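Quick caveat: nothing in here was measured; it's all calculated off a predicted structure.
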Amino acid sequence: MDGYFESEEFRNILKSYEDNKADGQPCYMDSDDFIDVIDYYMRERRFNDALQCSVEGLTIHPADSSLLGMKISALVNLGKSQEAREELKGLNAEDNYDYYYFRAQITLDLDDDCETADVLFHKWMALEKQDIAEDRSAQADSQSRLSDDYMHIIACFSELTNADDSVGYIEKWVGEYEKDCAPIGNTDADIEIAHICHEEGLIELEEHLYTEFLDTNPYLDSGWTYLASIQHMDGKIQDAINSANFALAINPDDTYTMLLRAHSYYMLDDYKLALKDYLKYEKLTGDKENAHIIGRCYIMLGMTDLGYKALELASAINMNNLKSSDESRGTTWAFIAQAFMDGKFYDEALSAIDKALALSPGTTEYYLQKANVFLQMRNMDEAHYWFTKSLETTSRQVLVLMCIGGDYVYAEQYEAAIEFFEKASLMTDDPTHVKAYAYLAYLYWRLKDAIKFRSNLRIACEKTPETVKSFWGEILNDVPESMYYYVLQGLAD
C-alpha cells in the first residue's frame with residue numbers, strides 16, 4: 001500500500017481532495033478514494049485531517065461502514081475515546097468486523113479492562129486471518145499485514161498506564177505473533193514490536209526477538225547492532241561484543257557499533273582492543289569526547305606518556321564543556337582523577353577531584369576518592385582527614401565505613417582499617433553492620449591476635465558466611481557453612 005501512496009493516481013486524488021478543501025468546496029469521490037486519503041493521513045499521523053476527511057466522506061456516503069470505522073479510528077488516535085464509543089453504536093459487527101478492534105481499543109482506553117479487550121482482539125484477529133486467507137490478490141503481502149496487525153494490538157496494550165497486567169498481555173500477544181508470523185524479521189512491524197518490548201522493559205524478550213530476526217536475515221547489520229546494544233545494557237558484555245563483531249563485519253565503518261564495542265571491551269578490562277576501537281572511532285568521526293577513557297586505556301597498558309597527554313586533552317574538553325550538567329562534568333572529573341591516580345600522577349589526580357568538588361560540593365564519593373589518593377601517597381594524616389570528612393556528608397554510614405576500611409585493607413594498613421570496621425560493627429540499627437565482623441576476623445588474623453580473631457570469626461560465620469568464604473574460599477571449598485568456624489578457628493594457632 002505504501003507504494004500506492006507514491007503513485008500518480010493517488011497523488012491526483014489527494015490533490016483534488018485538498019484543493020477542494022482549500023477552496024471550501026465539497027469533494028465528491030468514491031468511498032474507496034476517501035478511505036485511501038484517510039489511510040494516508042493516518043499513516044502520516046495527521047489524525048485531525050483524517051477525522052475531517054472521514055466526516056466529509058460520511059456526508060456523501062452515510063451508510064459506508066468502512067468510512068465510519070475510519071472515523072472511529074481517528075477519534076481514538078486523537079484521544080477522543082468517549083466520542084468514539086458513541087460512534088461505535090452505529091457500526092454493525094456483521095458489516096465491518098473492525099468493530100471488535102475499535103471496541104477493544106476503546107475498552108482499554110476508557111476502562112483499562114485488559115481481559116475484555118483481549119477477548120475482543122482475538123475475535124477480530126480470527127476474522128482478520130480469515131479475510132487474509134480469502135484475499136488472493138494480497139497473498140504476497142499477507143505476512144506483512146499480519147505482522148502489522150499484531151504490532152497494532154501489542155501497541156494498544158503498551159499505551160496503558162494504569163493496568164498492572166498489561167505487560168503480561170504484551171508477552172502473550174508477542175508469543176502468538178511469533179507463532180503465526182514465523183519466520184519473523186522481514187517487516188518493519190517486526191522491528192517495531194521489538195521496540196515496544198524495549199520500552200516496556202522486556203529486555204530478555206527483545207533480545208530473543210532480535211535473535212530470531214537475525215536467524216531469518218543474518219545480514220541485517222542494524223539488527224546485530226540493536227542486539228549488541230540490548231546485550232550490553234543487560235550486562236551480557238561478551239555477547240554484545242560477539243554481536244557487534246557481526247555488525248562490523250557487514251559494515252566496518254559503523255561508528256555507533258564501533259563505539260559500543262569499545263565500551264564493551266573496556267568493561268571487560270580489555271584495554272588493548274578497547275583502545276583500538278576508540279582510536280578508530282575518533283579518527284572516523286573527529287569526536288574526542290572519549291579522550292578520558294583513551295587516556296586510562298593508555299595508562300593501564302603502561303603507555304603513561306600517551307595516557308598523560310590524552311588526559312590533559314580530556315581535562316581541557318571537560319573544562320570548556322558548558323553544555324553538560326555540573327553533575328555530568330563532575331563525574332568526568334572523577335574518572336580523569338582515577339586515571340591519573342592509576343598512572344601515579346597524584347597531583348593531577350587531586351586537581352581533578354578538586355574540580356569535581358567545585359561543581360558538586362560535599363559529594364561523599366569525591367571525598368573518598370581524595371582520601372584514596374593520599375592513601376596511595378602514604379600521607380596517612382590527609383587520608384584519615386578526608387575519610388572522616390566523607391562520613392560527615394553521608395547518611396549511609398555503615399556503607400562508607402566499610403568502603404574506608406576496605407581501602408585501608410587494600411593498602412595493607414590493617415590497624416587503620418580496624419578503626420573503621422569496629423565503628424561499622426557497632427551501628428546495629430543498620431542490618432548490614434554484621435558484614436564488618438568477617439573483615440575484623442581477617443584483620444586480627446593478619447595481626448596474629450588469636451582471641452579477637454576467634455570472637456569476630458564466630459559472629460561472622462553465623463551472620464555472613466558468604467563474606468567469610470570470600471576471604472578463605474580455598475580452605476572452605478566443599479565445606480558446609482555450619483562447619484566454617486570449626487575449620488577456620490585453627491588458623492589462629
Under-4.0 Å salt bridge between K236 and D239 = no

inquiry  = Looking at R446 and E412, is any side-chain nitrogen of the basic one under 4.0 Å from a carboxylate oxygen of the acidic one?
reply    = no

Cut-off 3.5 Å, side chains only: do [X] and [Y] have a donor facing an acceptor?
| X | Y | answer |
| --- | --- | --- |
| H433 | S425 | no |
| N321 | S324 | yes |
| T225 | D254 | yes |
| T393 | K389 | no |
| S390 | T364 | no |
| N242 | Q238 | yes |

Using modelled atom types only, decide if a donor and an acceptor are shared between the side chain of [X] and the backbone of [Y] within a distance under 3.5 Å.
| X | Y | result |
| --- | --- | --- |
| S360 | T363 | no |
| R329 | N318 | yes |
| S328 | S325 | no |
| S351 | E348 | no |
| E207 | L227 | no |
| E382 | A371 | no |
| Y281 | N290 | no |
| T464 | E466 | no |

Atom [atom1] of [X] and atom [atom2] of [Y]: how far apart are they, to the nearest 0.5 Å?
| X | Y | atom1 | atom2 | result |
| --- | --- | --- | --- | --- |
| Q413 | Y408 | CD | OH | 8.0 Å |
| N48 | N77 | CG | CG | 11.0 Å |
| L359 | T331 | CG | OG1 | 9.5 Å |
| H198 | L205 | NE2 | CG | 13.0 Å |
| Y219 | F246 | OH | CZ | 10.0 Å |
| L259 | I293 | CG | CD1 | 7.5 Å |

message = According to ring pair (Phe, Tyr, Trp, His ring centres under 6.0 Å), who are the partners of Y367, at least two apart in sequence or on a separate chain?
response = W386

task = Apply ring pair (Phe, Tyr, Trp, His ring centres under 6.0 Å) to Y266 and list each qualifying residue two or more places apart in sequence or on a separate chain.
result = Y271

Are [X] and [Y] packed together at the side-chain level, in the sense that at least one heavy-atom pair is separated by less than 4.5 angstrom?
| X | Y | answer |
| --- | --- | --- |
| I418 | L447 | yes |
| C297 | I294 | no |
| D149 | R145 | yes |
| F374 | L350 | yes |
| M380 | L375 | yes |

Working for ring pair (Phe, Tyr, Trp, His ring centres under 6.0 Å), residues Y265 and Y278 = CA-CA 10 Å; Y265 279 133; Y278 282 126; 9.5 Å; no

Among [options], side chain to side chain contact (heavy atoms under 4.5 Å, CB included) partner for [X]:
| X | options | value |
| --- | --- | --- |
| T257 | I250, L248, N245 | L248 |
| C197 | V174, I230, V167 | V174 |
| E419 | K423, E415, E422 | K423 |

inquiry  = Under 6.0 Å between ring centres: does that hold for F121 and Y101?
reply    = yes

query = Is the F345-Y308 ring centre distance short of 6.0 angstrom?
reply = yes

Residues which pass side chain to side chain contact (heavy atoms under 4.5 Å, CB included) with T216, listed by chain and number, not counting sequence neighbours = P183, N186

message = Tell me which pairs pass salt bridge (Lys or Arg N to Asp or Glu O under 4.0 Å) where either residue lies in residues 284-306, with sequence neighbours left out.
response = E282-K288, R296-D342

Tell me the closest heavy-atom pair linking [X] and [Y], and the distance in Å.
| X | Y | value |
| --- | --- | --- |
| M42 | A50 | SD-CB, 3.7 Å |
| S229 | Y256 | OG-OH, 3.7 Å |
| A441 | N456 | N-CB, 3.8 Å |
| A352 | I336 | CB-CG2, 4.3 Å |
| R378 | A411 | NH2-O, 3.5 Å |
| A194 | F213 | CB-CE1, 3.9 Å |

ask   = Looking at residues at least two apart in the chain, or sitting in another chain, which of them share a salt bridge (Lys or Arg N to Asp or Glu O under 4.0 Å) with D354?
value = K370

task = Carefully, step by step, assess S243 and Q231 under the rule side chain to side chain donor-acceptor pair (under 3.5 Å).
result = CA-CA 9 Å; S243 297; Q231 291 165 333; 2.8 Å; yes

task = Please indicate whether E8 has more than 12 foreign heavy atoms, meaning atoms of other residues, nucleotides or ligands, lying under 6.0 Å from its CD.
result = no

task = Please work out whether the ring planes of H384 and F420 are parallel, tilted or perpendicular, with thresholds of 30° and 60°.
result = tilted

request  = Could you label the plane-to-plane angle of the Y226 and Y210 rings as parallel, tilted or perpendicular, counting under 30° as parallel and over 60° as perpendicular?
outcome  = parallel

query = Which pairs pass side chain to side chain donor-acceptor pair (under 3.5 Å) with one or both residues in residues 167-182, sequence neighbours excluded?
reply = D118-K172, D118-W173, H122-E176, K129-D180, Y150-D180, Y177-D190, E178-H208

